[in-house]
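So the structure is just underneath, and the comments pick up after that.
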Amino acid sequence: MAAEIHPRPQTRKPVLLSKIEGFQDVVNTAVIIPKEDGVISVSQDRTIRVWLKRDSGQYWPSVYHTMPVACSCMSFNPETRRISLGLENGTVSVSHQGGVTVVLFVLEMEWVLSTGQDKSFTWHCSESGQQLGTYRTTAWVSGLQFDVETRHAFVGDHSGQVTILKLEQDNCSLVTTFKGHTGNVTALCWDPVQRVLFSGSSDHSIIMWDIGGRKGTAFELQGHNDKVQGLCYASHTRQLISCGSDGGIVIWNMDVTRQETPEWLDSDSCQKCEQPFFWNFKQMWDSKKIGLRQHHCRKCGQAVCGKCSSKRSTIPLMGFEFEVRVCDSCHDSITDEERAPTATFHDSKHSIIHMQYEPTRGWLLTSGTDKIIKLWDMTPVVS
């Protein structure tokens, strides 16, 4: 059952600046051109368009180019004004065997990193086009981030796993892998200052992995009713922006002391009233009682029956901005201060498939299944 978003009084919200319409098909990805009133888009209709704002306030396609096949992803570097494209036939500068899912241009290294549906991660020299190295993943790769200082690549795939690789000029080594999602990884965001990695998933959740702390700490964030499609961290305000297929734009306050969600405990009977669960035939026979269904308290992790966990509560510091099941004793122990929200929720009014945040002006770009690009002024809420 999908969680309900409970409306909270909000005095500030994103301001819709403009809509860009007129596409024949879905926009796969788009970027804001920094310091200019412009947007670059690539669409399923095989077009690349540069939209510039006219005196009328509307955006019009000033540059229009048609590719042989549809572009599935794009990376734009504002310093060099260079666009790296990944195509659905597997082409970047050399080929993948399946469609290209993510492409990144690293100016400092002059590398183009790319991932594909063929379960491969490759990096090439952007000047010569020569392939420098490749790594085979266990599943279709759907997320990619890179840390220039350490040369670490973060690769998220459809199994829900995130792999960290150390890249060299012509080879790479596996650093570690970790998995916390039950669905495929749909978005990654790396903050090199705090040294934390955020991963979004089709399981509707976000996980913050504390890479720099070196303690394996991970914090879960639950704020979407559908798969997470994009993540961006505003390091100057310590806020995370997430967008999802549910149309939600969520602003998370990460400048709080968060708590890890507990591991769910195993038990053959309720850890509160000791009633047997339905598979515990011996205790059911000995006590002459009907077995009960097992649930878990989201705060303490104990295995409990429905009667001992009949109440619901938000636990924002654990990432639960929606009400979740808690045992009666935990419900009584949660204070009003602990229930104070750490996120704000905003409706984009379209199912988002891609987002991009431009921190210089505080603008957010979202593109949706409705074939519309929307530009938002986020300064009222990201500040």
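Predicted model, so just to flag it, every value in this text is computed and none were measured. Heavy atoms only: backbone and side chains are in, while hydrogens, waters and symmetry mates are out.
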Please report the closest heavy-atom contact between R151 and Q169, naming both atoms and the distance. NH1-N, 4.4 Å
With the side chain counted from C-beta on, respond yes when V103 and F105 share a heavy-atom pair under 4.5 Å apart, and no when they do not. no
Any non-hydrogen side-chain atom of M378 less than 4.5 Å from a side-chain atom of H346? no
Polar side-chain atom of T47 near backbone of R49 as donor-acceptor pair, under 3.5 Å: no
Kindly compute the distance separating CD (E260) from CD (E220), expressed to the nearest 0.5 Å. 10.5 Å
If only side-chain N and O atoms count, and only distance matters, is there a donor-acceptor pair under 3.5 Å linking T122 with S114? yes
Rounded to the nearest 0.5 Å, what's the gap from CD1 on I372 to OG1 on T366? Could you check? 9.5 Å
Heavy-atom count around E263 CD within 6.0 Å, excluding the residue itself: above 12? no
Flag yes if more than 12 heavy atoms outside K349 fall under 6.0 Å of its NZ atom; otherwise flag no. no
In a table with atom names and distances, give each donor-acceptor pair under 3.5 Å that connects a side chain of residues 290-301 to protein atoms at least two apart or in another chain.
| unit_1 | atom_1 | unit_2 | atom_2 | d |
| --- | --- | --- | --- | --- |
| Q294 | NE2 | S267 | O | 3.2 |
| H296 | NE2 | L265 | O | 2.8 |
| R298 | NH1 | H296 | O | 2.7 |

Hphob cluster co-occupancy, V175 + W209, side-chain heavy atoms under 4.5 angstrom: yes
How far apart are the C-alpha atoms of W190 and L188, what are their side-chain angles, what is the distance that settles it, and do they pass the side-chain contact (heavy atoms from CB on, under 4.5 Å) test? CA-CA 7 Å; W190 168 248; L188 289 178; over 6 Å; no
Does any N or O in the side chain of S351 come within less than 3.5 Å of the main-chain N or O of G368, such that one atom is a donor and the other an acceptor? no
Is any side-chain heavy atom of H354 less than 4.5 Å from a side-chain heavy atom of V27? no
Sequence neighbours excluded and cut-off under 3.5 Å, please list the side-chain donor-acceptor pairs for residues 250-258, or say none.
| unit_1 | atom_1 | unit_2 | atom_2 | d |
| --- | --- | --- | --- | --- |
| W252 | NE1 | S242 | OG | 3.0 |
| N253 | OD1 | D255 | N | 2.9 |
| R258 | NH1 | P316 | O | 2.9 |
| R258 | NH2 | N253 | O | 3.0 |
| R258 | NH2 | T342 | OG1 | 3.0 |

Do L52 and I48 belong together in a cluster built from hydrophobic side chains that touch within less than 4.5 Å? yes
Closest contact, heavy atoms only, I373 versus S367: CG1-CB, 4.1 Å
Got a salt bridge between D157 and K119, using NZ or NE/NH1/NH2 to carboxylate O under 4.0 Å? no
Presence of salt bridge, R238 and D191, under 4.0 angstrom: no
Using the side chain to side chain donor-acceptor pair (under 3.5 Å) rule, take E274 and S269 through it: C-alpha gap first, then chi angles, then the decisive distance, then the call. CA-CA 5 Å; E274 298 184 352; S269 58; over 6 Å; no
Would you indicate whether the side-chain heavy atoms of L364 and C243 approach each other to under 4.5 Å? yes
With side-chain contact (heavy atoms from CB on, under 4.5 Å) as the criterion, how do V31 and L365 come out once you've worked through the C-alpha distance, each side chain's angles and the decisive distance to 0.1 Å? CA-CA 7 Å; V31 296; L365 177 151; 5.9 Å; no
Atom pair CD (Q58) and NZ (K53), whose distance is rounded to the nearest 0.5 Å: 10.5 Å
Whether the side chain of D203 engages the backbone of T182 through a donor-acceptor N/O pair (distance < 3.5 Å, no angle test) should be reported. yes
Could you tell me whether the side chains of Q239 and T237 share a donor-acceptor contact shorter than 3.5 Å? yes
Run the numbers on T101 and T115 for side chain to side chain donor-acceptor pair (under 3.5 Å), then give the verdict. CA-CA 6 Å; T101 53; T115 60; 2.7 Å; yes
Sequence neighbours excluded, which residues qualify as ring-ring contact (aromatic ring centres under 6.0 Å, His included) partners of W376? none
Take R339 and S313 through the test side chain to side chain donor-acceptor pair (under 3.5 Å) and record every step on the way to the result. CA-CA 8 Å; R339 289 189 175 95; S313 176; 2.9 Å; yes
Working to the nearest 0.5 Å, report the span between CD1 of I207 and CG of L197. 10.0 Å
With no hydrogens and no angle check, is any side-chain donor or acceptor of T314 less than 3.5 Å from a backbone partner on E323? no
Give a yes or no answer on whether the side chain of Q271 reaches the backbone of A303 with a donor-acceptor pair at less than 3.5 Å. yes
When you measure from the side chain of S309 to the backbone of V326, do you find a donor-acceptor pair of N or O atoms at a distance under 3.5 Å? no
Between W123 and W111, what is the ring plane arrangement, given parallel below 30°, perpendicular above 60°, and tilted in between? tilted
If only atom types and distance count, is the side chain of E168 paired as donor or acceptor with the main-chain N or O of D170 below 3.5 Å? no
Between I33 and V50, is there a side-chain heavy-atom distance shorter than 4.5 Å? yes
Taking all non-hydrogen atoms of both residues, which atom of S120 and which atom of R136 are closest, and how far apart? CB-NH1, 3.7 Å
How about L174 and L165: do any of their side-chain heavy atoms sit closer than 4.5 Å? yes
Intermediate values then yes/no, side chain to side chain donor-acceptor pair (under 3.5 Å), K272 and S329: CA-CA 9 Å; K272 296 295 183 181; S329 57; 3.0 Å; yes
Please test M318 against F219 for side-chain contact (heavy atoms from CB on, under 4.5 Å), starting from the C-alpha separation and ending with a verdict. CA-CA 7 Å; M318 282 189 173; F219 303 100; over 6 Å; no
Taking every heavy atom of S41 against every heavy atom of W51, the minimum-distance pair comes out as OG-NE1, 3.0 Å
Using the side-chain hydrogen bond (donor to acceptor under 3.5 Å, both in side chains) rule, pick out the option among S142, S202, S159 that qualifies with N184. S202
All heavy atoms of S205 vs all of Q222, minimum pair found to be CB-NE2, 3.5 Å
To the closest 0.5 Å, what do you measure between CG (N171) and NZ (K166)? 11.0 Å
T186 (side chain) donor-acceptor with Q229 (main chain) under 3.5 angstrom: no
One should read off an interatomic distance between F345 CZ and N225 CG, to the nearest 0.5 angstrom, of 9.0 Å
Would you check if C232 and M355 make a side-chain contact, meaning some heavy-atom pair closer than 4.5 Å? yes
Are the side chains of L167 and Y135 in touch, meaning some heavy atoms are under 4.5 Å apart? no
Test: D332 and K311 ion pair at under 4.0 Å: yes
Under 3.5 Å: donor-acceptor pair, side chain of E110, backbone of C125: no
Distance-minimising heavy-atom pair for S43 and A70: O-CB, 4.2 Å
